[in-house]
Amino acid sequence: MKLKFKKINISPFFIIIGILSFLLPYIFIEKTNLIAKCHYIWLVYFEIVSLLTIFIIWYKIYYELIFARIDNNILYYKQLFFFQKSIKLEDLKGYKIGSEDTDFYVIINKNNKKLFKVRMDFYSNYYDFIDELKIKEIGPYKSSFQKIICFFF
């Protein structure tokens with residue numbers, strides 16, 4: 001079984017946004033002219049914001065834009081079009097997140113390493129693919145921020 005995108009393939013759109021995001025710091029420096037005005041604190045602040053934006057965009061592309069298929073109880077998946085990996089279905093676990101309208105699964109391996117996310121709004125055969133994976137749901141998913149809060153309280 002192969003994981004199929006909905007009506008149109010959204011992957012080129014996300015890749016174009018990711019590539020254009022690399023131009024953010026250059027465009028910002030050119031248009032604001034903060035170096036000539038000696039506003040270095042603002043320059044550093046907005047450059048950090050630009051770099052965080054680039055990180056978030058590429059993080060989402062890497063973990064949420066997945067080309068996957070299942071053959072002979074082995075899951076083959078590609079991240080960023082060319083990083084192909086495989087894992088046995090017995091070694092998968094997952095967290096279901098969201099409601100019936102906007103749910104997705106975070107797929108992790110037996111070492112608790114996050115592999116990727118499968119989003120319902122990206123793929124047309126989402127439910128069939130999740131049924132085929134036979135994932136053991138292991139409770140609610142906690143983000144990094146939630147883990148820090150739980151650690152202190």
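The shown structure was predicted, so the numbers you read here are calculated from the model rather than taken from an experiment. As a basis for the values below, the full set of heavy atoms in this structure was taken, side chains included, without hydrogen atoms, waters or symmetry mates.
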Apply side chain to side chain contact (heavy atoms under 4.5 Å, CB included) to Leu23 and list each qualifying residue two or more places apart in sequence or on a separate chain.
Leu20, Ile27
Linked, directly or transitively: Ile74 and Leu133 (ILVMFWY side chains, under 4.5 Å)
no
If I take atom OH from residue Tyr62 and atom CD from residue Gln79, how far apart are they, to the nearest 0.5 angstrom?
4.0 Å
Side chain to side chain contact (heavy atoms under 4.5 Å, CB included) involving Asn112 - partner list, sequence neighbours excluded:
Lys93, Ile108
Distance check, rounded to the nearest 0.5 Å: Leu24 atom CG versus Leu52 atom CG?
11.5 Å
Is atom NZ of Lys114 surrounded by more than 12 heavy atoms (other residues, nucleotides or ligands) closer than 6.0 Å?
yes
Are Ile61 and Ile17 in one and the same hydrophobic cluster, where Ile, Leu, Val, Met, Phe, Trp and Tyr link if side-chain heavy atoms are under 4.5 Å apart?
yes
Hydrophobic clusters here meaning ILVMFWY residues chained together by side-chain heavy-atom distances under 4.5 Å, can you tell me if Ile15 and Ile57 are in one?
yes
Counting distance only, does the side-chain N/O of Asn109 pair as donor-acceptor with the main-chain N or O of Asn111 below 3.5 Å?
yes
Is there any side-chain hydrogen bond (donor to acceptor under 3.5 Å, both in side chains) pair reaching into residues 25-54, and which pairs are they, with sequence neighbours excluded?
none
Can Phe55 be reached from Ile19 by stepping across I, L, V, M, F, W or Y side chains whose heavy atoms are under 4.5 Å apart?
yes
Gap between atom CG of Leu115 and atom CG of Leu92 - 0.5 Å precision:
6.5 Å
Heavy-atom pair of closest approach, residues Trp58 and Ser21:
NE1-OG, 3.7 Å
Could you tell me which residues satisfy salt bridge (charged side-chain N to carboxylate O under 4.0 Å, His left out) with Lys60, sequence neighbours excluded, listed by chain and number?
Glu64
Got a sec, which residues hit side chain to side chain contact (heavy atoms under 4.5 Å, CB included) with Lys2, two or more places apart in sequence or on another chain?
Arg69
Do Phe67 and Tyr77 have ring centroids that are under 6.0 Å from one another?
no
Considering residues, nucleotides and ligands other than Ile41, do more than 12 of their heavy atoms fall under 6.0 Å from its CD1?
no
Can you name the nearest heavy-atom pair linking Val118 to Tyr126, along with the distance?
O-CE1, 3.4 Å
Of all residues at least two apart in sequence or in a different chain, which pass the ring-ring contact (aromatic ring centres under 6.0 Å, His included) check with Tyr76?
none
Contact between Phe129 and Ile70 at the side-chain level, heavy atoms closer than 4.5 Å - yes or no?
yes
Can you tell me how far CD1 of Ile48 sits from CG of Leu43, rounded to the nearest 0.5 angstrom?
10.0 Å
Going from CD on Glu132 to CG on Asn73, what distance comes out if it is rounded to the nearest 0.5 angstrom?
8.0 Å
Verify whether the ring centers belonging to Tyr63 and Phe116 lie closer than 6.0 Å.
no
Minimum-distance pair of heavy atoms, taken over all atoms of Lys4 and Asn125
N-OD1, 3.0 Å
Are Tyr59 and Phe13 grouped together when hydrophobic residues (ILVMFWY) are joined by side-chain heavy atoms under 4.5 angstrom apart?
yes
